[in-house]
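Below, each value reflects all heavy atoms present in this structure, side chains not excepted, and no hydrogens, waters or symmetry copies.
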Amino acid sequence: IKKKLPHEVIKLANSVGKFMLYWGFKSIHGRIWTLLYLSKVPLSALELSQKLKVSKTLLSFAMHELLEFDVIQKVGKGKKRTIYLSANPNITEVILGVLRKREQNLVDEIHGSLELVKRMTLSNQIEFPILPAHLETVGILISAAKGVLQALIAPSHPGAGLIEQFLLIAGALSEQNATQKAKNENQR
């Protein structure tokens, strides 16, 4: 691999980094992943640091997080115990792993908070005036989010890809939408 990255590869890595910011990661995560995913050969931390022009400390923290989510993998050791890394080639597995480890916990936390507010509202232990219909709507939204997430992270069969999972989600959302419409019509 050449010492210097082509401008176009740097631009792509930076763009992926910006996209990763949108999903709650750091730009450096996307930049590291892009280089490792595109590279024909595994790269060391030193090579990544030089190519991305970032400090070894920043790189070390980011690599640790990416390894934790199985986005990148250790694939071997070289001279002087240099560790070589590559990107996990199974992008579906990576995305589902992040959803299981991060988003699932967040949705569960939101659901728990909602249930607590419901219980407090029912027992008149909350001093804040709450609109029951709006609390119910929040519950419906949270249930929909849980359903979508479950459809994504629980493959219908081993080896199911994201396309199959998106089709499951579309079906679940369509069913939930029909249920909500019927409920709204009954309330009129």
Residues which pass side-chain contact (heavy atoms from CB on, under 4.5 Å) with [X], listed by chain and number, not counting sequence neighbours:
{"X": "T34", "answer": "L12, A13, V16, L38"}
{"X": "I10", "answer": "L5, N14"}
{"X": "L135", "answer": "L114, V117, K118, T121, I130"}
{"X": "L99", "answer": "I95, L96, E103, L149, L152, I153"}

Note, [X] side chain near [Y] side chain (heavy atom, < 4.5 Å):
{"X": "I32", "Y": "V71", "result": "no"}
{"X": "L66", "Y": "L36", "result": "no"}
{"X": "V54", "Y": "R31", "result": "yes"}
{"X": "Q50", "Y": "S44", "result": "no"}

Pairs touching [range] that satisfy ring-ring contact (aromatic ring centres under 6.0 Å, His included), sequence neighbours left out:
{"range": "residues 108-138", "answer": "none"}
{"range": "residues 25-57", "answer": "F25-H29, F25-F69, W33-Y37"}
{"range": "residues 85-107", "answer": "none"}

| query | With S113, which residues qualify under side chain to side chain donor-acceptor pair (under 3.5 Å), at least two apart? | reply |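 Once residues adjacent in sequence are excluded, S113 has no partner under the side chain to side chain donor-acceptor pair (under 3.5 Å) criterion.
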
| message | Restricting to side chain to side chain donor-acceptor pair (under 3.5 Å), what partner residues turn up for E68, sequence neighbours left out? | response |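 Not a single residue meets the side chain to side chain donor-acceptor pair (under 3.5 Å) criterion with E68.
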
| field | For Y84, ring-ring contact (aromatic ring centres under 6.0 Å, His included) partners two or more places apart | value |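 Not a single residue meets the ring-ring contact (aromatic ring centres under 6.0 Å, His included) criterion with Y84.
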
Can you tell me how far [atom2] of [Y] sits from [atom1] of [X], rounded to the nearest 0.5 angstrom?
{"X": "S143", "Y": "E136", "atom1": "OG", "atom2": "CD", "answer": "10.0 Å"}
{"X": "N88", "Y": "L67", "atom1": "CG", "atom2": "CG", "answer": "11.0 Å"}
{"X": "L59", "Y": "K53", "atom1": "CG", "atom2": "NZ", "answer": "14.5 Å"}
{"X": "I110", "Y": "L141", "atom1": "CD1", "atom2": "CG", "answer": "10.5 Å"}
{"X": "M120", "Y": "E115", "atom1": "CE", "atom2": "CD", "answer": "13.5 Å"}
{"X": "T137", "Y": "I142", "atom1": "OG1", "atom2": "CD1", "answer": "11.0 Å"}

Same cluster or not: are [X] and [Y] linked, directly or through other Ile, Leu, Val, Met, Phe, Trp or Tyr residues, by side-chain heavy atoms under 4.5 angstrom apart?
{"X": "I126", "Y": "V138", "answer": "yes"}
{"X": "L43", "Y": "V75", "answer": "no"}
{"X": "I91", "Y": "L35", "answer": "yes"}
{"X": "M63", "Y": "L58", "answer": "yes"}

| field | Heavy-atom pair with the smallest gap, counting every atom of Q73 and P89 | value |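 Minimum heavy-atom separation between Q73 and P89: OE1-CD, 4.2 Å.
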
| For D108 and Q104, what are the C-alpha separation, side-chain angles and deciding distance, and is it a side chain to side chain donor-acceptor pair (under 3.5 Å)? | CA-CA 6 Å; D108 289 344; Q104 181 68 52; 3.0 Å; yes

| Any salt bridge (Lys or Arg N to Asp or Glu O under 4.0 Å) pairs touching residues 72-84, not counting sequence neighbours? |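 The answer is none; no pair qualifies.
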
| query | What pairs meet the salt bridge (Lys or Arg N to Asp or Glu O under 4.0 Å) rule with one or both residues in residues 119-135, with sequence neighbours excluded? | reply |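 Passing the test, one end in residues 119-135: no pairs.
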
| request: Spell out, as yes or no, whether a donor-acceptor pair under 3.5 Å connects the side chain of S49 to the backbone of A45. | output: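 Flag not set: sc S49 to bb A45 has no pair under 3.5 Å.
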
